[in-house]
Amino acid sequence: MRLFFGIFLFGKLFFVLLLGNTFSTHAQRLKWQRLRPVTLLDVGIIGNAYKGDLNSNYNKWSGGGKIGLLFNKKEKVNGSLQLSFQNISGQILNLIPNADNEEAIFPNTFFKSNLITAQYAIRYNLIKKEAFHFYLSQGIGLFHFNPKDVTNEALINQVSTRNFDETYTNISFYLPSEVGVIFLLRNGYGIGTQCKLMHPLTDYLDNIAELGSNKGNDNVLSFQMSFYVPLSYYTKNKSRRR
């Protein structure tokens with residue numbers, strides 16, 4: 001329900017800003033002229049799903065938000081910066097740990113966590129028209145996570161929830177892979193949608209690693225809706241570079 005409410009607010013914000021821009025300083029341009037943004041502000045909402053030892057499929061969704069910068073100067077390859085705040089959770093009631101020769105271990109069967117992320121990514125435009133972009137993106141980022149139990153207590157300090165030799169830090173790198181599209185209006189404003197796999201370099205998003213049955217690191221799938229606000233434009237004496 002919160003996700004649908006966020007989409008409604010996102011659409012309302014887009015309409016208000018678009019209407020306001022109609023009467024901005026760009027209103028005096030001729031109707032046939034298209035403004036070409038060089039730098040865009042990226043603001044959006046995110047729907048996230050976690051997959052790991054406490055959820056075998058991407059089937060439990062929660063929300064988040066993001067803000068970033070998209071650099072649009074070159075024809076094929078451009079960079080982007082992004083900050084985001086996301087929520088994930090998972091639960092499995094029949095977790096049976098395979099703990100050899102260790103007693104008093106009670107792995108958590110539920111977790112929830114906030115993810116605070118910062119990333120830089122390279123976008124490669126497979127198609128780049130004045131009004132439409134279709135791109136692939138690969139980046140690197142750093143994020144903070146803090147898995148908590150059903151009573152909202154941090155799991156990282158509850159050593160009895162994992163093997164006694166298992167310790168981890170709640171800061172990790174991730175390697176986001178993304179595919180997306182952008183639609184730009186004549187005034188340089190735009191909307192877009194993206195699909196992203198986070199690829200964290202940790203198996204402890206859910207506090208479970210050796211006691212779980214999922215192979216490899218945990219992962220997060222995201223679907224994003226973006227609203228793009230132009231911050232600067234091409235000038236007549238500049239042209240796009242490859």
Side-chain angles (χ1 to χ4, degrees), residues 10 13-14 17-18 21 26 29 32-49 51 58 64-86 115-144 171-202 216-242:
F10 176 82
L13 175 63
F14 174 71
L17 291 177
L18 179 62
N21 183 71
H26 301 295
R29 63 181 171 82
W32 53 266
Q33 288 181 322
R34 177 178 290 275
L35 297 176
R36 297 161 56 191
V38 174
T39 307
L40 299 106
L41 178 68
D42 176 1
V43 181
I45 58 174
I46 306 173
N48 314 291
K51 179 181 178 182
Y58 298 108
K66 66 171 183 173
I67 186 170
L69 290 175
L70 171 61
F71 306 106
N72 190 47
K73 186 175 183 178
K74 296 183 179 180
E75 183 72 20
K76 287 295 184 182
V77 180
N78 291 283
S80 66
L81 295 169
Q82 186 184 111
L83 301 175
S84 74
F85 180 85
Q86 303 167 235
L115 306 179
I116 302 174
T117 74
Q119 72 175 53
Y120 176 80
I122 296 294
R123 292 190 178 192
Y124 180 80
N125 293 302
L126 297 174
I127 300 173
K128 187 174 184 181
K129 304 295 184 180
E130 289 185 332
F132 174 76
H133 300 174
F134 173 57
Y135 65 88
L136 300 176
S137 174
Q138 181 61 51
I140 184 170
L142 188 68
F143 75 102
H144 175 273
I171 296 176
S172 178
F173 286 97
Y174 68 105
L175 303 172
S177 301
E178 184 177 296
V179 58
V181 295
I182 299 174
F183 300 92
L184 291 174
L185 304 177
R186 287 188 174 275
N187 55 16
Y189 282 68
I191 57 174
T193 182
Q194 305 88 35
C195 175
K196 179 166 75 173
L197 277 172
M198 188 172 180
H199 299 306
L201 301 184
T202 179
N217 292 338
D218 301 326
N219 213 337
V220 177
L221 173 67
S222 297
F223 287 99
Q224 308 175 8
M225 293 181 63
S226 296
F227 174 59
Y228 295 96
V229 180
L231 301 179
S232 62
Y233 297 91
Y234 290 100
T235 58
K236 292 182 178 180
N237 59 346
K238 293 182 180 180
S239 60
R240 283 183 285 185
R241 301 176 183 176
R242 293 186 179 272

Sub-4.5 Å side-chain heavy-atom contact between [X] and [Y]:
{"X": "Tyr189", "Y": "Val229", "answer": "yes"}
{"X": "Tyr135", "Y": "Gln194", "answer": "yes"}
{"X": "Leu221", "Y": "Cys195", "answer": "yes"}
{"X": "Pro200", "Y": "Asn217", "answer": "no"}
{"X": "Thr117", "Y": "Met198", "answer": "yes"}

Is the CZ atom of Phe85 crowded by more than 12 outside heavy atoms at less than 6.0 Å?
yes
Quick one: ring-ring contact (aromatic ring centres under 6.0 Å, His included) partners of Phe223, sequence neighbours excluded?
Trp61
Does Tyr174 have any ring-ring contact (aromatic ring centres under 6.0 Å, His included) partners at least two apart in sequence or in another chain, and if so, which?
Phe143
Between the side chain of [X] and the main-chain N/O of [Y], is any donor-acceptor distance below 3.5 Å?
{"X": "Asn72", "Y": "Asn78", "result": "no"}
{"X": "Asp42", "Y": "Leu70", "result": "no"}
{"X": "Lys128", "Y": "Lys74", "result": "yes"}
{"X": "Asn219", "Y": "His199", "result": "yes"}
{"X": "Ser84", "Y": "Gly65", "result": "no"}

Atom pair [atom1]/[atom2] of [X] and [Y] - distance to nearest 0.5 Å:
{"X": "Leu83", "Y": "Ile116", "atom1": "CG", "atom2": "CD1", "result": "10.0 Å"}
{"X": "Ser80", "Y": "Leu69", "atom1": "OG", "atom2": "CG", "result": "9.0 Å"}
{"X": "Leu197", "Y": "Ser222", "atom1": "CG", "atom2": "OG", "result": "8.0 Å"}
{"X": "Leu184", "Y": "Glu130", "atom1": "CG", "atom2": "CD", "result": "9.5 Å"}
{"X": "Lys129", "Y": "Ile182", "atom1": "NZ", "atom2": "CD1", "result": "15.5 Å"}
{"X": "Gln224", "Y": "Gln82", "atom1": "CD", "atom2": "CD", "result": "5.5 Å"}

Donor-acceptor side-chain pairing of Ser226 and Lys66 below 3.5 angstrom
yes
Examine the side chains of Tyr124 and Gln138 and answer whether a donor and an acceptor come within less than 3.5 Å of each other.
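Distance-only check fails for Tyr124 and Gln138.
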Which residues pass the side chain to side chain contact (heavy atoms under 4.5 Å, CB included) test with Phe134, not counting sequence neighbours?
Leu126, Ile127, Phe132, Val179, Val181
Nearest heavy-atom pair of Leu40 and Gly188: which atoms, and what distance?
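Closest approach of Leu40 to Gly188, heavy atoms only: CD2-O, 3.7 Å.
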